[in-house]
Amino acid sequence: MSEQLGTLEELPQDYRDDMTAAGVAPLWPMMRNVLPHGRPNPVSKPGVWTFDALKPLLLRAGELTPVEKAERRVLVLSDPGRGTGAMQATASIYVGMQLLLPGETAPAHKHTPSAARIIVEGKGGFTVVDGEKLPMEDGDLVLTPGGEWHDHGHEGDEPVIWLDALDLPLFVYLEGSYAEEAPLQAQRNRPDASQVEYLSSGLAPTRKFGSTPRRYPMMRFPWSRTEAALRQMAKYTDERPVELDYVNPENGSDVLPTMGFTAMMMNKGETARPPLVSSSAVFHVIKGKGKTMVDGQLIEWSAKDTFSVPVFAALDHHAEEESFLIRVHDRPLQEKLGYYEERAR
Ligand code: GTQ
């Protein structure tokens, strides 16, 4: 074990000046900032955003800023550890709450980061991804993988609100984030793949010799099926929370390259104490009510609320009512980088 490392102040001023002039700096005074002992030292702090607080602000944005002036009418949920305006909820995960009003369209674009939407409320919204029209119903998970054209539309008569999750911070950090725009897409006249090729779990279109399935075969995961699957699982497992991974139905892999999604269920009165994990996460409450202790900080949540937890956060969930949540996490990214880790508590 190395001892207390040397500080900048210990070095003579002329030497420090010469280093600055040469565009270098000594590592050792900064070493522990970037390589702390034992576990990371996250900048991110737990965050909580109640829908009661966000909805009026979002509706006001609808009055103040026409969608043409916004391209995407979104309020960004900023990590408290980085402060308001931070375009991230954790180191790698961006979340924003988006509003589309009846008759509006959000223009087609594609970008390097990947996105997914969790539908919060309102009927009649849809996203078109690569020509496929994906209806947006409460609780649905809808993917917009990086590089795929997408535009949003609204055929209903009440505001539609959804939560966007993007791996945007990562792409910004890598200086790899940019978008291109295009006219609204022509829509194929058929239901989305969740209603056609992948209607039933465990069944996929027969493999055609010499052809490979699409990289993102299913881009909408309807909530009604997810909830039914969780309820059935809950009857036959004692594990809590009951938790299902959203997977690519062709190969079982995570649905996006860097972000993963799970659906969670807890019955009234149940508690859950997951292991410490190296991934960060954003939880969105589909239904129910409960509390989560995050590193000793109490977060109270109910339907449509969103909260974030930093890496290695100690979590204790308690459901006060039957509860369903979707967890967005960055385990797929960490596995690709070879360092994803879980620790017993
Ligand atoms: O709907 O395409 O929250 O491009 C941020 C960037 C949503 C979107 C966001 C985006 C979108």
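Only heavy atoms go into these numbers, but all of them, side chains included; no hydrogens, no water, no symmetry mates. In each ligand, atom 1 is the first atom listed, and ligand 1 is the first ligand listed. Quick caveat: nothing in here was measured; it's all calculated off a predicted structure.
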Quiz item: Nearest protein heavy atom to atom 8 (C) of ligand 1, by residue and atom, and its distance?
Solution: R72 NE, 2.9 Å
Quiz prompt | Distance from atom 5 (C) of ligand 1 to nearest protein heavy atom, with residue and atom | solution = Y94 OH, 3.5 Å
Quiz item: If you measure from each heavy atom of H152 to ligand 1, is any distance below 4.0 Å?
Solution: yes
Quiz item: Going by the order shown, which atoms of ligand 1 are within less than 4.0 Å of some heavy atom of V74?
Solution: 3 (O)
Quiz item: Is there a donor-acceptor contact under 3.5 Å linking the side chains of T127 and H150?
Solution: no
Practice problem: Kindly say whether the aromatic ring centers of F261 and H329 come within a distance under 6.0 Å. | Solution: no
Exercise. From the options E335, R343, Q334, E341, select the one residue that forms a side-chain hydrogen bond (donor to acceptor under 3.5 Å, both in side chains) with S278.
Key: Q334
Quiz item: Of the protein's non-hydrogen atoms, which lies at the shortest distance from atom 6 (C) of ligand 1, and what is that distance?
Solution: L166 CD2, 4.0 Å
Quiz prompt | Ring geometry between F307 and W301 (parallel below 30°, tilted from 30 to 60°, perpendicular above 60°) | solution = parallel
Quiz item: In ligand 1, which numbered atoms sit nearer than 4.0 Å to a non-hydrogen atom of D164?
Solution: 3 (O), 7 (C), 9 (C)
Exercise. Answer with yes or no after comparing the ring centroid distance for H154 and H152 against a 6.0 Å cut-off, counting only values under it.
Key: no
